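It should be emphasised that the depicted structure is a prediction, and the values quoted were computed from it without experimental measurement. Residue numbers begin at 1 in each chain, while the letters A, B, ... track the order of the sequences.
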Protein chains: 2
Amino acid sequence: MARYGKEHKLATRQRIIETAGRRLKRDGIDGSGVAALMADAGLTNGAFYAHFESKEDLVATAVADQLRDQRERLAAAPPGRAGLDQIIRAYLSPEHRDSREEGCPSAALLDEIGRCAEPTKQVYTDSVLAFIDDIAARLAPHDPRSARVATLGVYALMVGTLQLSRALADQELADEVLEQGIRNAMALLDDAPH
Amino acid sequence: MARYGKEHKLATRQRIIETAGRRLKRDGIDGSGVAALMADAGLTNGAFYAHFESKEDLVATAVADQLRDQRERLAAAPPGRAGLDQIIRAYLSPEHRDSREEGCPSAALLDEIGRCAEPTKQVYTDSVLAFIDDIAARLAPHDPRSARVATLGVYALMVGTLQLSRALADQELADEVLEQGIRNAMALLDDAPH
DNA sequence: CTGATTGGATTATGACCGTACTACCATAGG
DNA sequence: CCTATGGTAGTACGGTCATAATCCAATCAG
């Protein structure tokens with residue numbers, strides 16, 4: 001392959017970003033080596049630095065891409081509160097818990113992101129806010145900005161619940177935690193918005 | 001040091017466990033090498049395997065120790081709901097957010113624990129339940145067992161909120177998220193118990 | 001009080017994996 | 001055909017977990 005129009009390199013880059021997103025969520029940031037990330041995209045380690053400045057650069061890019069992806073799935077759900085309820089139930093489902101690599105990047109990586117350098121955290125912040133503001137617009141179409149923090153609070157609840165459910169060795173208890181999480185999220189949404 | 005009564009080896013072991021707890025919370029599980037963990041205890045890597053079977057073994061032990069520690073701090077708070085409110089406010093404070101290595105092991109490591117092998121998750125489960133059941137006993141002295149899942153739900157909310165606050169690059173927003181978390185935790189506690 | 005014993009540590013080593021980089025190569029486009 | 005591009009393969013150098021050989025000093029037996 002050589003001398004393609006620019007779209008070919010961009011397509012390869014995008015393939016790396018997407019496959020990296022899955023592996024990062026499955027094995028963690030520190031748990032994923034550059035060679036493995038490239039192998040997932042059908043490439044070798046050497047090509048990596050033609051596409052990204054560093055591993056951190058890819059991590060930030062992949063996390064942003066994953067959150068953009070989640071945002072698109074969100075847009076596909078029915079509008080308004082009804083669609084939101086559906087999203088919450090899917091998020092806090094055993095299926096989502098058991099498929100880390102297909103799921104929410106925050107639930108898979110949040111504490112590692114908290115340890116990342118500032119630029120990475122900035123990219124995460126921007127990406128998650130774009131996602132959150134979409135939800136806030138659902139809740140308060142007239143004043144989405146004021147619902148931002150309330151929505152972040154519910155999001156944090158959902159992320160923490162999913163993580164906890166993944167970490168518990170007792171499957172039955174892990175399932176109960178998810179159900180409790182759904183009830184809690186609903187309760188907060190019913191109380192809060194005004 | 002040699003040929004001490006058994007308490008000396010145990011004391012060294014305990015020192016490793018405690019210093020490891022701090023570093024693991026700061027740098028993550030995959031981010032902490034055995035050599036560094038031992039250096040923190042004033043030892044070299046070779047001595048490690050006289051105390052622990054493997055790194056995973058230490059991780060599980062250190063996490064359990066950290067949770068036991070949290071449980072003791074819990075016991076030191078005023079009894080009943082008043083003490084619980086105080087604990088929640090301390091947990092969701094900027095100080096706690098900014099001192100990962102002194103703080104809650106769940107907030108620092110939960111998603112990495114979710115990726116650990118089953119024995120480690122089992123140790124985590126047992127330890128976190130001991131902690132949670134103490135809180136549940138505060139909430140429902142007559143029937144702590146029934147409050148277990150409700151308490152886990154609030155705990156998940158607190159863990160997720162702290163993690164999110166740590167991952168946000170915007171400090172002001174991160175503070176607001178903490179405050180929202182406090183309101184949410186209180187709301188759930190006021191509604192739930194019956 | 002002495003000295004062999006032995007537990008706990010150090011240093012060294014194994015094989016492998018981590019990130020980052022560079023020289024080289026095959027090929028498609030002009 | 002020849003150049004430029006995107007990729008491969010190989011290198012450098014340090015860190016990873018784990019094991020093994022060695023060493024040191026405190027304790028207990030005599």
Nucleotide [N], atom [atom2] - distance to [atom1] of [X] in whole Å:
| X | N | atom1 | atom2 | answer |
| --- | --- | --- | --- | --- |
| B:Phe48 | C:dA12 | CZ | P | 21 Å |
| B:Leu37 | D:dA18 | CG | P | 12 Å |
| B:His51 | C:dG8 | NE2 | C1' | 7 Å |
| A:Lys55 | D:dG15 | NZ | C1' | 13 Å |
| A:Arg23 | C:dC17 | CZ | P | 13 Å |
| A:Asn45 | C:dT19 | CG | C1' | 10 Å |
| A:Asp57 | C:dC21 | CG | C1' | 16 Å |
| B:Leu10 | C:dG7 | CG | C1' | 13 Å |

For this session: Please work out if A:Gly46 contacts a base, only the sugar-phosphate, or nothing of the nucleic acid, heavy-atom cut-off 4.0 Å.
Result: base
Exercise. With a 4.0 Å cut-off on heavy atoms, is A:Gly42 in touch with a base, just the backbone sugar-phosphate, or nothing at all?
Worked result: sugar-phosphate
Ignoring the backbone of [X], work out which of [options] is nearest its side chain.
| X | options | result |
| --- | --- | --- |
| B:Tyr49 | C:dT19, D:dT19, C:dT10 | D:dT19 |
| A:Thr12 | D:dG7, C:dA20, C:dA9 | D:dG7 |
| B:Ala47 | C:dA20, D:dA18, C:dT10 | C:dT10 |

Exercise. Hey, is B:Glu72 close enough to B:Arg68 for a salt bridge, meaning N to O under 4.0 Å?
Worked result: yes
Exercise. Less than 4.5 Å apart, any side-chain heavy atom of B:Arg115 and any of B:Asp111?
Worked result: yes
Exercise. Same cluster for B:Leu168 and A:Val123 if Ile/Leu/Val/Met/Phe/Trp/Tyr side chains link at under 4.5 Å?
Worked result: no
Seminar exercise, completed: On a heavy-atom basis, the closest approach of B:Leu84 and B:Arg138 is N-NH1, 3.9 Å
